[in-house]
Asker: 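Got a structure for you, written out below as structure tokens; questions coming shortly.
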There are 2 protein chains.
Amino acid sequence: MNEIKKDNAEEKILNAAQNVFIKKGMDGARMQEIADEAGINKALLHYYFRTKEKLFDAIFKKVFSKILPNLMDMVYSDLPIEKKLGIFVESYIDLLMKNPFLPTFILKEMNRNPDFLAKIIKGTGIQPDKIFAMFKKEMEAGRIRKMDPRDLLVNILGLSIFPIAAGPLMTIMFFENDKEAYKTFIERRKKTITEFILHSILIK
Amino acid sequence: MNEIKKDNAEEKILNAAQNVFIKKGMDGARMQEIADEAGINKALLHYYFRTKEKLFDAIFKKVFSKILPNLMDMVYSDLPIEKKLGIFVESYIDLLMKNPFLPTFILKEMNRNPDFLAKIIKGTGIQPDKIFAMFKKEMEAGRIRKMDPRDLLVNILGLSIFPIAAGPLMTIMFFENDKEAYKTFIERRKKTITEFILHSILIK
DNA sequence: AAATTGTTTAACTACTTGGTCAAAATTAGA
DNA sequence: TCTAATTTTGACCAAGTAGTTAAACAATTT
């Protein structure tokens, strides 16, 4: 069962590396910690992924593909804009709440190495133009207010991502360190973000 | 001139440390690099700030106080909400564009050490309650739509901060790596963010 | 001007870290 | 079963790291 065992080891490494890297970042992560979390020897890490950088790149690529995902679903669906937006925001917040360190990880590491980011973006199937085109269509049909579609996209992402990236700050400042209260707040935001955006852009 | 020289050295260290820490974070920063950038010996760092952690804490405190600043100005001014918001967003984006690594730095490090963050927040003069009270007053006066004031505050911050934290991503995805085009876009956002929010909350 | 105090440095240390290597253990193929 | 390839490991290494120390230098005090 060479095949299965190999996959197991490699998968264990990838899982462990993802956990550690996302939490501590490239600089804060330790190969020993990743090995420990994977339950293997440190030398085995270097057997599968020759260097820390190569392992990190693999993780970043994998993780980055997660964070700009169902955006494209909005393009290829026939639902009205209100529904599209609602579905996207809801599923996106769900994803982020399951991986609360993910936004900070991506933001930090994309600043550390923008060139690598560029490579990856080419690789993902993200076509901002198609999203913009979809927005423009809504504007020309008079359903939403005319504006730079890039602004609209960034606003949607910022409203969704920021409150999770700034989780610790909000938990302390708004909820006296009550983490459950914070979670409830974010849960409610699935609806309020959409409302906030729609109030701003919908033409009644 | 003991006084002046001491101040100079300490100030040079603080400046250098701020530059390096903001760019590389606690884990990525090197004491040697800070010493080099300050133009002094590494041992002198430890003479003024005994450990890396103490130096980092001093920087984080200093820098964090910058990032939640003129928020309170909104509370103590008599301008109409439209003006308050416009002035805040404009000056805030100015601040962030002058220090584009600042948002990511704060976000990353607040996740690394939330306890220390809590201590600092007590120290700053930020009174979220007063901001919320100001929002509520506008709501009760029927000038803006009723909503959770925490949502409103987070939305303002998210719309302002996120596009700068995600600068590299946007520069690549929206502007084919044209950094000037990105800057122009952000410059324009000073206005469009305010418009976007006001369209959402103002009752006409 | 001598002594005391505060500042700065070069050299050093103890330890951590990513990475290597040769040998052991496991698996696959004949 | 015997052999060859693959996978896993413990021990090791060189480079880099935060932090120390003792001595040189500068400033202040007496």
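Letters A, B, ... mirror the listed sequences (proteins, then strands); counts begin at 1.
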Asker: Would you mind reading off the bend of the helix from C/dA1-D/dT30 to C/dA30-D/dT1 from its two end axes, five pairs each, to 10 degrees?
Answerer: 0°

Asker: Test of understanding: with salt bridge (Lys or Arg N to Asp or Glu O under 4.0 Å), list the residues that count as partners of A/E195, not counting sequence neighbours.
Answerer: none

Asker: Given 3.5 Å as the limit, does a donor-acceptor pair link the side chain of A/D178 with the main chain of A/A181, or not?
Answerer: yes

Asker: Taking side chain to side chain donor-acceptor pair (under 3.5 Å) as the definition, give me every residue that meets it alongside B/D27, ordered by chain and number, with sequence neighbours left out.
Answerer: none

Asker: A/P80: which residues meet the side chain to side chain contact (heavy atoms under 4.5 Å, CB included) condition with it, sequence neighbours left out?
Answerer: A/E82, A/K83

Asker: Shortest non-hydrogen contact from B/M97 to B/K183?
Answerer: CE-CG, 3.7 Å

Asker: Can you give the donor-acceptor pairs under 3.5 Å from side chains of residues 149-175 of chain B to other protein atoms, not counting sequence neighbours?
Answerer:
| unit_1 | atom_1 | unit_2 | atom_2 | d |
| --- | --- | --- | --- | --- |
| B/R150 | NE | B/D148 | OD1 | 3.2 |
| B/R150 | NE | B/D148 | OD2 | 3.3 |
| B/R150 | NH2 | B/D148 | OD2 | 3.0 |
| B/D151 | OD1 | A/R189 | NH1 | 2.6 |
| B/N155 | OD1 | A/R189 | NH1 | 3.0 |
| B/N155 | OD1 | A/R189 | NH2 | 2.7 |
| B/N155 | ND2 | B/D151 | O | 3.3 |
| B/S160 | OG | B/I156 | O | 2.9 |
| B/T171 | OG1 | B/G167 | O | 2.7 |

Asker: Give me each pair satisfying side-chain hydrogen bond (donor to acceptor under 3.5 Å, both in side chains) with a member in residues 15-26 of chain B, each pair once, sequence neighbours excluded.
Answerer: B/Q18-B/K62, B/N19-B/E37, B/K24-B/E33

Asker: Scan residues 50-60 of chain A against DNA chain C and write down, sorted by residue number, each residue with any heavy atom closer than 4.0 Å; if none is found, say none.
Answerer: A/T51, A/K52

Asker: Identify all side-chain donor-acceptor contacts of residues 125-133 of chain A below 3.5 Å with residues at least two apart in sequence or on another chain.
Answerer:
| unit_1 | atom_1 | unit_2 | atom_2 | d |
| --- | --- | --- | --- | --- |
| A/K130 | NZ | A/Y76 | OH | 3.4 |

Asker: Test of understanding: with side chain to side chain donor-acceptor pair (under 3.5 Å), list the residues that count as partners of B/R143, not counting sequence neighbours.
Answerer: B/E138

Asker: According to side chain to side chain donor-acceptor pair (under 3.5 Å), who are the partners of A/N113, at least two apart in sequence or on a separate chain?
Answerer: none

Asker: Between protein and nucleic acid, restricted to nucleotides 23-25 of chain C and to nitrogen or oxygen atoms under 3.5 Å apart, what atom pairs and distances do you find?
Answerer:
none

Asker: Tell me, which of residues 28-40 of chain B have any heavy atom that sits under 4.0 Å from an atom in DNA chain D?
Answerer: B/A29, B/R30, B/M31

